[in-house]
Amino acid sequence: MKRHINVELNSESSLRLPAKFFQQEALALAPQLLGKVLVRAFSDGKILRQKVTELEVYYGEEDLACHASKGRTLRTEVMYAPGGLVYVYLIYGMYWMLNIVTGPKEHPQAILIRGLEEVSGPGRVGKFLQLDKSFNGEDLSKSQRLWLEDAPTIPSSAITATPRIGIDYAQHCKEYLWRFLWLPDK
DNA sequence: GTAAGGATTGGC
DNA sequence: CCAATCCTTACT
């Protein structure tokens, strides 16, 4: 008798993090997101899996470094959606930045994925995952090409917080310790 | 319509 | 140090 051994198929894995996980407030979610597995599946069957090692929080219209500080525009609209969607935008005309929208509806906030196990730098992350404009608004709880899977929580002793990178214009907000790094050997 | 500048990177 | 490269925004 034939048995059902292929219960856990790629994108249908029970490990996939649900929308609810991403609907926590960004600053509470950030340390939990470190160590989670980012998965990118291609139409030819190839799959990339990398743990998240570095990220930054962009929180609310009051945060001068957050794109939502410019108000609600076509570009920032996705950040006003409930957590679990992806915010992708082009910077310096060449790099696609991967952000995860967090928090409840109408509370603009997102987490920028700056580094993976074998990929350093947010521009390189986008290139590695072959992201483009079509990923903006992608639903991580349903997508067949990009999602996150659960993994053990990183102990706080292995997490370092620093100011965010490249936001010198953000006045007092540039001092916030909203960049989080997972340093496994610390 | 037009111009300025950016959540970056790599090369000189 | 600075060019690459183009989208979004804020002006006129």
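Chain letters run A, B, ... following the sequence lines, proteins first, then strands; residues in each count from 1.
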Gap between atoms CG and P, on A:L112 and B:dT9 respectively (whole Å):
9 Å
If we call it a pair only when both distances are under 3.5 Å in a Watson-Crick or G-U wobble match, what pairs with B:dA7?
none
Between B:dA7 (P) and A:L64 (CG): distance, integer Å
12 Å
Determine the interatomic distance between P on B:dT2 and the same-named atom on C:dT5; round to the nearest Å.
23 Å
Within the structure shown, what part of the strands sits under 4.0 Å from A:G123 by heavy-atom distance: base, sugar-phosphate, or nothing?
sugar-phosphate
Among the nucleotides B:dT9, B:dA7, C:dA4, which one has an atom lying closest to any side-chain atom of A:I91?
B:dA7
A:Y58 has an atom OH; how far is it from atom C1' of B:dA7, in whole Å?
4 Å
In whole angstrom, what separates A:W96's CH2 from C:dC6's P?
10 Å
Got a donor-acceptor pair under 3.5 Å from the side chain of A:Y95 to the base of B:dA7?
no
Could you tell me how far apart A:D132 (CG) and C:dC6 (P) are, to the nearest whole angstrom?
14 Å
Quick note, A:H67 side chain, CB onward, closest among C:dT9, B:dA7, C:dA4 is B:dA7
Establish, for the pair A:R145 and A:F42, whether the NZ or CZ atom is under 6.0 angstrom from the six-membered ring centre and no further than 45 degrees off its axis.
no
Is any side-chain N or O of A:R179 closer than 4.0 Å to OP1 or OP2 of B:dA7?
no
Could you check which nucleotide pairs with C:dT5 in any of the strands shown, counting Watson-Crick or G-U wobble with both distances under 3.5 Å?
none
Specify the separation, in whole Å, of atom OH of A:Y89 and atom P of B:dG6.
12 Å
Charged N to carboxylate O below 4.0 Å: is that the case for A:D132 and A:K127?
no
A:K133 side chain, from C-beta outward: closest of C:dT8, B:dT8, B:dG6
C:dT8
State whether A:F135 and A:R40 meet the cation-pi test: NZ (Lys) or CZ (Arg) under 6.0 Å from the six-membered ring centroid, and within 45° of the perpendicular axis.
no
Looking at the side chain of A:K70, which of B:dA7, C:dT9, C:dT8 is the nearest nucleotide?
C:dT9
So what does A:R75 hit on the nucleic acid, given a heavy-atom distance under 4.0 Å: a base, only sugar-phosphate, or nothing?
sugar-phosphate
Any side-chain N or O of A:Y92 under 4.0 Å from OP1/OP2 of C:dC7?
no
Expressed in whole Å, how much space separates the C1' atoms belonging to B:dG5 and C:dC2?
15 Å
Given DNA chain B, 5'-ward residue of the pair A:K127 and A:I167, judged by closest heavy atom:
A:I167
Which whole-number value in Å describes the distance from A:R124 CZ to B:dG11 P?
9 Å
For the side chain of A:K51 and the backbone of A:V37, is there at least one donor-acceptor N/O pair under 3.5 Å apart?
no
Rounded distance in Å - CD (A:E54) to P (B:dT8)
10 Å
Looking just at side-chain N and O atoms, do A:E138 and A:Y87 make a donor-acceptor pair shorter than 3.5 Å?
no
For a quick check under 3.5 Å, do A:Y169 and A:Q171 share a side-chain donor-acceptor pair by atom type?
no
Considering only side-chain heavy atoms of A:L90, which listed nucleotide, B:dT9, B:dA7, C:dC6, is closest?
C:dC6
